[in-house]
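Below is one structure; the comments refer to it alone.
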Amino acid sequence: MFRLFSFGMWTETSSLLLTVVALLQICSTVTAQSLQSESVPVLYPWRLQPATEGLTRVKRAWVIPPIAVSENSRRIPFQLVQIKSDKLPSKVIYSIKGPGVDEEPKGIFTIDPDTGLVFLTTVLDREEKSSYKIKAYAVDETGTPLEDPTDLEIIVIDQNDNRPTFDQQYFIGHVLEGSAPGTLVMQVTASDADDPQTDNAALGYSIVGDGRGIFRIDPMTGEIRTVGVGLDRENISVYNLTLQVADLSGEGLSTTATAVIFIDDINDNAPEFITTEFTAEVSEDMVGSEIGKVSVEDKDQPGTSNWLVDYTIIAGNDHGLFSIRTEPETNRGILFVEKNLDYEKADKHILTVEAKNKEVVSPGAPQTFRSSAKFTVTVTDVNEAPHFVEDPRELSVPEGLTAGSFLTVYTVTDPDIKQQQNISYGIQYDPADWLIVDVNTGEIILQQNIERRSPFLLNHRYTAVITATDSGEPPHTATGTLEIYVTEVNDFPPVLYPRLGFMCSQWDKDDGVLLWAVDGDLEPHAEPFHFEIVPDNSEYSQNWTISHLNDTHSQLRALQDVSEGTYSLQIRVSDSGEPRLSQDHMLNVTVCFCSVRGDCTSRVAAIIGTHVGLSFGAAMVILASVLLLLLLILLVAVTDCLHRRFHHKGLLAASEDDIRDNILNYDEQGGGEEDQDAYNIDQLRNPDEILPSTPSRGKQPIRRDAPFNYGQPQYPRKPPADPNDIKDFINEGLDAADNDPNAPPYDTALIYDYEGEGSLAETLSSITSRASDSDQDYDYLSDWGPRFKKLADMYGDH
């Protein structure tokens, strides 16, 4: 068991003799220690409690109370406590471990290993660490633990060594002006680092200096409230209070801070005009311009809705000529002209302007007597531009209207009725130069005929711009647009198409002739067209009929079978215009006999058998056409004959005319007797064998020296049945081979084509050379050019 006792007490032992000896030694040691430590408490944390009879001894731990030590103590080193073990070995060694010893913060506590005295070696600060828990150990000289580790708790006692501090150096608060007493403004807070369980951290708040009659602060909570009445922002808009907080409930250490309280504005002042009358002067042409300003005075806080003013014109602006707007930066009203002012109608306008705040004025606000003012606007006269009464002016004129025709009078009105001014007219835009305008009256007359197909017409409209200039200072010019719509006139009769047609003599096998018309006019003077045969009582009108297909097409048909020939019908085509125009046309219809398919088989017969005679001019044209056709056929035949004759001449047929001076390449001379491929000798030995046909030999190669367009000879296709005819067979084959320019050149007759003539050089052939080289003169080679000069030098020396 663990027990606490004082020095001078004796331990119980089981052996009296041994106890006496041991106690003498212990007594001397304890006495010396007690003199040194004076009143230092001694702990026996490992003392064992005696066991009751019949039971074994067990160890039971005591609850050791904390050891208290004051912070900021300057008695260093300071003895805190002494621990002892009730076991009596030859020597006990004491030690401690934990925070403040071998753990951070290190070096705060130490222990004497022999005596067990625990010392404080530095000044403690409770605000840094308020308690320490360490473990104590007891071992013998060999390091064998004599006791189990035990806990020691050291409590740091607080001292009032910290001033309280406000959480902010400046506190900002707001309260409306005119607020009732007791209105909460804000709450301030502070803190103290001392022990909150002691009076060292008990705080008390107070107001120091001015403001205590208007505001008060709760000493416990720090709430600031209004005390008196009459907070007026217009007098004092902000209060600066000095606050103090002290510990020990306001009697200890203290510190200060500042509370800034703003008095917020309410609309307790209505706006008032600085004067009851304002004036401005404006010319009548200043639409959209600023003409003057009005000013008011409002004591409320500038820039807020309690201060900002709405201006209204409550009288004198029946036609909306003026408007007034607020200038936010200055709170002034700016008057604008919204519509044209007319000096001739009114040269002065008297307006009544009212000013009100955007926010409703507080019921307790004082009454104002200058909430409205009079604004007099004087209008001055200026020269105003004339203007066309009708702009644009639209006219409709018929096409083809002649020059000199009167169109219209296009005039203006001048707003300056109080001044007599002259107006002069002119033309600003007239692309086709159609118009003339009277400079004084504005009369517009045509100077050219109106052409409907003019390129200056757009959708049948012609646009011109007329000007009118007054004589004021400065002069003003007005422009007006004149749009002339050119209407369509029916001045073109329709034209019939086609003028020539063909029809079957059997009326039930033909659909007739399709007719149509084209009119130079446009709607409504063009289609639908009407087709008819004239005269109505003629023979043709009884045999033919015209049926309507659509607005532009009709169909001519026979009412019965008609004899073959050519018939001339007079067709009248009418349009739908006002007035209606028509035109007669001659239509030549050729009637011929048609096949089953409905085609004419003999139109020539129809022409010969025409019932209407041809004129001499038409007959001459037909005759000339036939002669020209025959002449062309004859010319083609002659050309073809000459071409064939030229190509069937001999190999040297054109040698007299050929002067191409070509050098032909003869590179095939035959293979001699050893060549066994030129002819198959087995045909002679075995004539009864079947001779392979020519096509099996494949396409023969074309020689470069073969004459152009030379036919290939016919080889014998079949060997003779009688051996006596073998001679004829061989002769035929030889003849074919001799005349075949495409056959292989082995043991065959070679063809030497003509090389041309007319060259300045003589032939190089040895056939025509002189008998001896010594007699040959080679000097002429020098005349052939540089390439032959070397050859002339070689042979000229011989």
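Reckoned from all heavy atoms, side chains included, excluding hydrogens, waters and symmetry mates.
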Self-check item: Close side-chain approach of Pro494 to Asp575, heavy-atom, < 4.5 Å
Solution: yes

Quiz item: In Å and rounded to the nearest 0.5 Å, what is the OG1 to CD1 distance from Thr378 to Ile291?
Solution: 9.5 Å

Self-check item: Exam field: side chain Asp470 to backbone His476, donor-acceptor pair closer than 3.5 Å
Solution: yes

Practice problem: Determine whether Tyr485 and His460 make a side-chain contact, defined as any pair of heavy atoms from C-beta on separated by less than 4.5 Å. | Solution: yes

Quiz item: Which pair of heavy atoms, one from Gln187 and one from Thr221, lies closest together, and at what distance?
Solution: NE2-O, 2.9 Å

Quiz item: Any side-chain donor paired with an acceptor under 3.5 Å for Asp298 and Asn357?
Solution: yes

Practice problem: Please work out whether the ring planes of Tyr497 and Trp516 are parallel, tilted or perpendicular, with thresholds of 30° and 60°. | Solution: parallel

Quiz item: Looking only at atom types and distance, does a side-chain atom of Glu284 sit under 3.5 Å from a main-chain N or O of Tyr343, one as donor and one as acceptor?
Solution: yes

Quiz prompt | Exercise: identify the closest heavy-atom pair between Ile450 and Val397 | solution = CD1-CG2, 3.4 Å

Self-check item: CZ/Phe406: more than 12 non-hydrogen atoms of other groups inside 6.0 Å
Solution: yes

Quiz item: Do you see a donor-acceptor pair shorter than 3.5 Å between the side chains of Gln301 and Thr304?
Solution: no

Practice problem: May I have the step-by-step check of side chain to side chain contact (heavy atoms under 4.5 Å, CB included) for Ile427 and Ile466, ending in yes or no? | Solution: CA-CA 5 Å; Ile427 298 177; Ile466 310 301; 4.1 Å; yes

Quiz item: Heavy atoms, side chains only, cut-off 4.5 Å: are Leu341 and Val282 in contact?
Solution: yes

Quiz item: Which pair of non-hydrogen atoms, one from Phe322 and one from Leu335, has the smallest distance, and what is that distance?
Solution: CB-CD1, 4.2 Å

Quiz item: Between Thr189 and Asp167, does any side-chain donor sit less than 3.5 Å from a side-chain acceptor?
Solution: yes

Self-check item: Candidates Ile214, Leu184, Ile261, Thr183 - the one meeting side-chain contact (heavy atoms from CB on, under 4.5 Å) with Thr226
Solution: Thr183

Self-check item: Partner set under side chain to side chain contact (heavy atoms under 4.5 Å, CB included) for Pro105, not counting sequence neighbours
Solution: Ile108, Lys129, Tyr132

Quiz item: When you check the gap from the basic side-chain N to the acidic O, do Lys356 and Asp310 get nearer than 4.0 Å?
Solution: no

Quiz item: Is it true that a side-chain atom of Asp265 and a backbone atom of Glu177 form a donor plus acceptor pair closer than 3.5 Å?
Solution: no

Practice problem: Go through the structure and list residues passing salt bridge (Lys or Arg N to Asp or Glu O under 4.0 Å) with Glu251, not counting sequence neighbours. | Solution: none

Practice problem: Dump the intermediate steps for side-chain hydrogen bond (donor to acceptor under 3.5 Å, both in side chains) on Asp158 and Asn200, then the final yes or no. | Solution: CA-CA 8 Å; Asp158 183 49; Asn200 297 333; 2.8 Å; yes

Quiz item: When the ring planes of Tyr205 and Phe166 are compared, do they come out parallel, tilted or perpendicular, using 30° and 60° as the limits?
Solution: tilted

Quiz item: Do Glu338 and Arg325 meet the salt-bridge criterion of a basic N to acidic O distance under 4.0 Å?
Solution: yes

Practice problem: Answer yes or no: are there more than 12 heavy-atom neighbours, outside Glu483 itself, under 6.0 Å from its atom CD? | Solution: yes

Practice problem: Taking all heavy atoms of Asp551 and all of Glu527, pick out the closest pair and write down the distance. | Solution: O-CB, 3.7 Å

Practice problem: May I ask you to decide whether Glu234 forms a salt bridge with Lys299, counting only side-chain N to carboxylate O separations under 4.0 Å? | Solution: no

Quiz item: Asp195 side chain to Gln197 main-chain N or O, any donor-acceptor pair under 3.5 Å?
Solution: yes

Quiz prompt | Any Arg393 side-chain heavy atom under 4.5 Å of Thr408 side chain | solution = yes

Quiz item: Looking just at side-chain N and O atoms, do Gln159 and Ser70 make a donor-acceptor pair shorter than 3.5 Å?
Solution: yes

Exercise. Could you walk me through whether Thr165 and Ser191 pass side chain to side chain contact (heavy atoms under 4.5 Å, CB included), step by step?
Key: CA-CA 5 Å; Thr165 58; Ser191 60; 3.7 Å; yes

Quiz item: Under 3.5 Å, side chain of Thr326 to main-chain N/O of Val309, donor-acceptor pair present?
Solution: yes

Quiz item: Excluding sequence neighbours, so at least two apart, what forms side chain to side chain contact (heavy atoms under 4.5 Å, CB included) with Glu359?
Solution: Asn267, Ser305, Asn306

Quiz item: Quick one: are Leu321 and Val337 in side-chain contact, heavy atoms under 4.5 Å?
Solution: no

Exercise. Kindly state whether the ring of Tyr462 and the ring of Phe456 have centres lying under 6.0 angstrom apart.
Key: no

Exercise. Ignoring hydrogens and angles, tell me if any N or O in the side chain of Asp192 forms a donor-acceptor pair with the backbone of Pro196 under 3.5 Å.
Key: no

Quiz item: Should Arg461 and Leu458 count as side-chain neighbours, where that means a heavy-atom distance under 4.5 Å?
Solution: no

Quiz item: Angle class for the Tyr311/Phe273 ring planes (parallel below 30°, perpendicular above 60°, tilted otherwise)?
Solution: tilted

Quiz item: Mind checking whether Glu71 and Asp161 have side chains closer than 4.5 Å, heavy atoms only?
Solution: yes

Quiz item: Which atom names give the shortest non-hydrogen contact between Ser582 and Ser574, and what distance separates them?
Solution: CB-OG, 3.0 Å

Exercise. Apply side-chain hydrogen bond (donor to acceptor under 3.5 Å, both in side chains) to Asn162 and Asp194, showing your working.
Key: CA-CA 6 Å; Asn162 291 281; Asp194 291 326; 2.8 Å; yes

Exercise. May I ask you to check whether Thr413 and His387 show a side-chain donor-acceptor distance below 3.5 Å?
Key: yes

Exercise. Search all heavy atoms of Gln448 against all heavy atoms of Asp433 and return the closest pair with its distance.
Key: NE2-O, 3.1 Å

Quiz item: Can you find a side-chain donor-acceptor pair between Asn269 and Asp300 that sits under 3.5 Å?
Solution: yes

Self-check item: Ring centers of Tyr239, Phe215 separated by less than 6.0 Å
Solution: yes

Quiz item: Do Thr469 and Ile423 have side-chain heavy atoms sitting under 4.5 Å apart?
Solution: no

